[in-house]
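Remarks on the structure that follows.
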Amino acid sequence: MNIQLLYRQKYKTIIMISISRPPKALNEPVKSYAPGTEERKLLQRTLDELKSKHTDIPMIIGGQAVMTGNRKEIRAPHDHRQLLGTYHEGDKTHVRKAIENALEARERWASTSWEQRASIFMKAASLISGPFRYKINAATMLAQSKNVLQAEIDAACESVDFLNFNAEYMANIYSEQPQSLNKTWNRLEQRPLEGFIFAVSPFNFTSIAMNLAAAPAIMGNVVVWKPSPSQIYSAKVLMEIYQAAGLPDGVINMVFADGAEAADEALAHPLFAGIHFTGSTDVFKSMWTRVGQNMNIYKSFPRLVGETGGKDYIFAHPSARAVEVATAISRGAFEYQGQKCSAASRAYIPSNLWPEIKCHLLDDLKQFSMGSPEDFSNFINAVIHEGAYDKLIRFIDQAHNDPEVEIIAGGRYSKDHGYFIEPTIILTKDPKYTTMHTELFGPVMTIYVYNSEDFEQTIDLVDQTSPYGLTGAIFATDRYAIELASKKLINTAGNFYINDKPTGALVGNQPFGGSRGSGTNDKAGSMLNLLRWVSPRTIKECFLPPVDHSYPFLAEEQS
Ligand code: NAD
């Protein structure tokens, strides 16, 4: 831990700084919500409470609620009749206001001691783990159509983990100090970036939305956060939690504006210091391009952190166990309707195992029930919105009409009451078929059955078929096959799994992120991510400064 001395702040307080450490971070235990449990009752009560009222959601800028009167409806994706609330849409003037408020808050926040920052976010973790648990889960279930387990592992547990582990990583980062030779003391300070961070979050994980704003903020940065319109209902709860945890006004500002308009404004500011983005690859590329165009405007080189799309695979070797592969596909492809960036959406199955795997898979899918997340017996819920639904059914219809492929399960859909699409399995004879390489982001898995003699050639197919590199899994009992696939597929996945489904990364256990078209791989939920939000300053202090300019080599030679 770096030793800091007594110092005087501009508020005339004298603070004694000690060398402290935050409590050891531990993963938040996942509650079961089994029938008869207390948590199930409390969650059901919270669902009823939320549904019984219409929530009107303002932007939060400088700690103040900002209402524009331009109200947009929030409806449950699984039930069009269920109007949950409205939010006040803003525009670039609100983004500008949020930037001004963030920059006003910056000096005081950046100079606040790290223990205070850690305490605020660890308190937020405790609030999510305790009094806000059911509210954040219920909001995520209703507005993002997640079943109770998916909401619990995301909104409650992963949020708590991000917050607690980030506090620990921050302390570790500050403790990392250089050596000091020859009567000097070398110190490393981790300065917050000079400006504001623009955080832009996706719809699919409440915890990601939380972390995109909170990770830069815990490191002393100020943030303008633009959540996805489809996650605003739970984003509001996150803001309530930050405020209840005592986060000072202006440190995180939440704006609801069109993404491109917000980006135009934020990325044109001289003090724009970084993007913290999760979402689709094209959106990130468009922001990166804009940053390049604006490069001469900025005071510093901005940090660009983006975790983007995926075309994640399950690859079975002829030695794999069929039931394990089938289970990994059932869970890995269809949980949360395949709307996880890590969701498996292409599989390579050897011909010797296909009959057995197919049998298990069709059996699993028969047992999936689909409907509202409020009915806890439903494994599958709705996809997020009409745009996603329309895109997905286009690919399903194309598969229905293509003689080269066969839909062996699912393939039906309806948006009469909500955006429901059956978990669908497409079997293709063409390993480069469109759904083997295009990210669909829904409950559609495409399977290619390869000749079990051709394992090595199939490795090359896995490597070369998709532009992404997010997650992937090899299933085998043959250790040489695992070794070969691990080596040859080194660039296909930032998160690689052996005999496990490629989803469900746990903070502190499997830092998450991919390369190629899947992003900058800055590993959310690890120290690597936090390092992007600081700029180190090295300080060298000399205890005995030299008093003679000459060096021994200058001395005259003795004859
Ligand atoms: P999206 O790209 O449509 O939206 C993400 C955010 O960007 C939203 O807030 C949206 O409003 C905003 N946005 C849209 N257009 C914009 C523009 N032109 N400029 C700036 N911002 C803009 O993504 P989504 O549908 O919310 O989420 C799904 C995508 O996210 C998938 O591609 C998925 O793979 C990816 N994802 C990746 C990870 C990861 O860790 N790699 C995690 C979750 C989701």
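Numbering starts at 1 and runs along the sequence shown. Only a predicted model underlies this, so the values are computations on that prediction, with no experimental measurement involved.
Here F162 contributes atom CZ and C157 contributes atom SG; the two are 12.5 Å apart, rounded to the nearest 0.5 Å. The line from CD1 of I474 to CD1 of I482 is 7.0 Å long, rounded to the nearest 0.5 Å. For the atom pair OG1 of T140 and CG of N147, the computed distance is 12.0 Å after rounding to the nearest 0.5 Å.
At a threshold of 4.0 Å, the pair K135-E240 counts as salt-bridged, since one of the basic side-chain nitrogens sits closer than that to a carboxylate oxygen. E38 has no carboxylate O lying under 4.0 Å from a charged side-chain N of K31, or vice versa, which leaves the two without a salt bridge. The residues R346 and D312 are annotated as not salt-bridged, no charged nitrogen and carboxylate oxygen being separated by less than 4.0 angstrom. Salt-bridge formation is detected for the pair E168/K24: a Lys NZ or Arg NE/NH1/NH2 atom is positioned less than 4.0 Å from an Asp or Glu carboxylate oxygen. Using a 4.0 Å cut-off between a side-chain N of Lys or Arg and a carboxylate O of Asp or Glu, E49 and R45 do not qualify as a salt bridge.
Taking the centre of each ring, Y348 and Y450 stay at or above the 6.0 Å mark. In summary, the aromatic rings of H276 and W533 are positioned with their centroids under 6.0 Å apart. Checked against a 6.0 Å centroid threshold, the rings of H80 and Y419 count as neighbours. The ring of F315 has its center closer than 6.0 angstrom to the ring center of F455.
At least one donor-acceptor pair under 3.5 Å links the side chain of Q337 to the backbone N or O of A382. Side chain of E39 to backbone of S32: a donor-acceptor contact under 3.5 angstrom is found. For E406 (side chain) and L427 (main-chain N/O), no donor-acceptor pair under 3.5 Å exists by modelled atom type. Looking only at distances, a side-chain donor or acceptor of T424 sits under 3.5 Å from a matching main-chain atom of G411. Between the T435 side chain and the T446 main chain, no donor and acceptor come within less than 3.5 Å of each other. At distances below 3.5 Å, not a single donor-acceptor pair connects side-chain atoms of Y313 with backbone N or O atoms of A473. T206 contributes no side-chain N or O that, together with a main-chain N or O of S234, makes up a donor-acceptor pair within less than 3.5 Å. Without hydrogens or angle criteria, N495 side chain to T471 main chain gives no donor-acceptor distance under 3.5 Å.
Every pair passing salt bridge (Lys or Arg N to Asp or Glu O under 4.0 Å) that includes a residue from residues 350-379 is listed here, sequence neighbours excluded: K51-E374.
A cation-pi contact, defined as under 6.0 Å to the ring centre and within 45° of the axis, is absent between K432 and Y448. Relative to the six-membered ring of F205, K340 misses at least one condition, a distance below 6.0 Å or an angle of at most 45° to the axis.
For the pair K501 and E335, the minimum side-chain heavy-atom distance is below 4.5 Å.
Crowding of Q457 atom CD: a count of heavy atoms from other residues, nucleotides or ligands under 6.0 Å exceeding 12.
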